[in-house]
Amino acid sequence: MLKQVLRNMGLLLGGKAVAGLISLVYLVIVTRTLGPHDYGVLVLVNGYVVAVGGVIAFSGWHTVVRYGAQALADGDTARLTRLVRFMALVEVICAVLAMAVSVAGVPYAAARFGWPPEVVPVARWYALAVLSNVVTTPYGILQLAGRFDKLGLQSTLSPMIRLFGTLIVWLSGGGLTGFLIVWLAGSIGEGVFVWLLAMPIFRQMRGDVDVGGGTGVRHENSGIVRFLVTTNADLTLRDLAPKLVPLVVGALLGPAAAGIYSLAQRASVVLQQPATQLAQAAFPIIARLIAAGDRAAAARLTWRTSGLALAAGTPFVLLFAFFSKQILELLGGKGFESGALLLVLLTMGRCAQLGSVPFSSALIALGRTGQSITVNIIANIGLLPLLVLLLLHYNIDGAGWHGLALGFTMLIVLALVFRAGKDEPQPVTETEIVAASNATGIS
């Protein structure tokens, strides 16, 4: 089972590795061209829209995988089709709402974050970047089909668009507005491309089927509304702090501080991507073991995956501890080196979060999503006031101490919660066993 997790994760990380190298190239160009202040403005415009989209837009790939797998196990492709259409509709409605809220809030954001007047019109159009959030339904389809290779390919499109766009803006002597347009194009392309990848695969899965009739998505999929709401809330809260922290830094310390924080965060994100891919690779495997009634094996896999994640992150912590200043100067040039301690602290926090991801996935697979949500509320929301105090006391390094506290809080509390309730009895059906097997491609 651990090998299956690593194989899935390897397919995902193949694309992420390429994307990371591409991102590194255009990041160096942009930071050296704009400097801390203007790069901070770009970060704040993007961060504002991403934060609004993250809160309002919808994340439901767990639902597609879980209930779609059950439909496939029953041979009911009509039910699968109705499920996917329902999820896509919910996702699009939430995305439109997020765009509207984003546009309406631009004047207030511009005043709060100190955006130049020429940026405001572009920021309104930047609301279209919410489309990068409208990917969870096709993402679920690709996971359901076991096409982790396609998921890895999808992750390279946005960096490629941004690389080519960055080169054009840089060579033509453009500035902040040009880079904002490039960033927007990358976000739109990312959202559209994953749908193009998933739709042919979905047509093969459903075949020629009449989707008429049925008893409705809610009646056909027992407990779907509760599962939908709780898992979406869990994922939203899990990602909320990383999206809000740059905005809080920018609001309190200005665009230049936000730029320094963002560059340090991007350097430490080398550990965030494995965490995200680990969650996606481990969830269907753990779910299958639980559905098959082998809870002891699921628990062992969860602990081993967490330990493996922490071990994999440790070399990066050591690397950044000794060379953080040189790394920031290499990436951004002069003006960014003041974030050296910040980078070390953020990397340590990321490493701890990397180890916490398997516990969160296991809690969801166990049907204990509410406990995972509670931990996320405590860590991501409860520690935000601490961020403000730390920023006021330690300046930009306060964001690093907050990241460290957040990472270790997530790791320790999730591990304790998982250990305390891992033996709670859960009803298991034959349908769930087959469904989980289909979701992972395991027979």
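Starting from 1, each residue takes its place in the sequence as its number.
To the nearest 0.5 Å, atoms CG (Leu342) and CG (Leu404) are separated by 11.5 Å. In this structure, OH on Tyr126 lies 11.0 Å from CD1 on Ile181, to the nearest 0.5 angstrom. Between the OG1 atom in Thr31 and the CD1 atom in Ile260 there is a gap of 11.5 Å [rounded to 0.5 Å]. Note: Met199 CE to Ile201 CD1 = 9.5 Å, rounded to the nearest 0.5 Å. Between atom CG of residue Leu346 and atom OG of residue Ser268 there is a gap of 5.0 Å, rounded to the nearest 0.5 Å. In this structure, the separation between CG on Leu310 and CD on Gln353 is 11.5 Å, given to the nearest 0.5 Å.
Of all heavy-atom pairs spanning Cys351 and Val317, the tightest one is CB-CG2, 3.8 Å. For Leu44 against Pro246, the heavy-atom pair with the smallest separation is CD2-O, 3.5 Å. Of all non-hydrogen atoms in Leu128 and Met99, the two that sit nearest each other are CD2-SD, 4.1 Å. Listed here is the closest heavy atom pair of Val194 and Gly191: CG1-O, 3.3 Å. The two atoms that bring Ala98 and Gly53 nearest to each other are CB-CA, 4.1 Å, heavy atoms only. In this structure, Val103 and Arg124 approach most closely via the heavy-atom pair CG2-O, 3.6 Å.
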Could you go through the side-chain contact (heavy atoms from CB on, under 4.5 Å) check for Leu331 and Phe336 one step at a time?
-> CA-CA 9 Å; Leu331 293 177; Phe336 288 93; over 6 Å; no
May I have the step-by-step check of side-chain contact (heavy atoms from CB on, under 4.5 Å) for Leu406 and Met410, ending in yes or no?
-> CA-CA 6 Å; Leu406 174 63; Met410 293 285 290; 4.1 Å; yes
Given side-chain contact (heavy atoms from CB on, under 4.5 Å), test Ile224 with Leu83 step by step and report yes or no.
-> CA-CA 10 Å; Ile224 187 174; Leu83 170 68; 3.5 Å; yes
Val101 and Ile56: side-chain contact (heavy atoms from CB on, under 4.5 Å), yes or no, with the steps?
-> CA-CA 9 Å; Val101 172; Ile56 300 177; 3.8 Å; yes
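Judged purely by atom type and a 3.5 angstrom limit, Ser306 uses its side chain to pair as donor or acceptor with the backbone of Gly355. Formation of a donor-acceptor pair under 3.5 Å by the Thr347 side chain with backbone atoms of Leu343 is found in this model. The closest donor-acceptor contact from the side chain of Glu337 to the backbone of Gly335 lies under 3.5 Å. Checking side-chain atoms of Tyr48 against main-chain N and O of Ser102 turns up a donor-acceptor pair under 3.5 Å. The closest donor-acceptor contact from the side chain of Arg32 to the backbone of Gly332 lies at 3.5 Å or more, if one exists at all.
Residues Val130 and Val52 form no side-chain contact, since every pair of their non-hydrogen atoms from C-beta on lies 4.5 Å or further apart. Looking at Leu176 and Tyr39, their side chains never come closer than 4.5 Å, going by heavy atoms from C-beta outward. Counting only heavy atoms from C-beta outward, the side chains of Glu329 and Ser324 never approach each other to under 4.5 Å. Between Leu411 and Phe359 there is a side-chain heavy-atom pair separated by less than 4.5 Å. You'll find the side chain of Thr33 stays beyond 4.5 Å of the side chain of Val169, heavy atoms only. Residues Leu228 and Phe86 are in side-chain contact: their nearest non-hydrogen atoms beyond the backbone lie under 4.5 Å apart.
The aromatic rings of Tyr67 and Phe227 stand perpendicular to each other, their planes meeting at an angle above 60°, with 30° marking the opposite boundary.
Ring pair Trp170/Phe179: centre-to-centre distance not below 6.0 Å. Aromatic ring centres of Trp183 and Tyr26: separated by under 6.0 Å.
Between Arg162 and Ser187, the side chains place a donor N or O and an acceptor N or O closer than 3.5 Å (distance only, hydrogens not considered).
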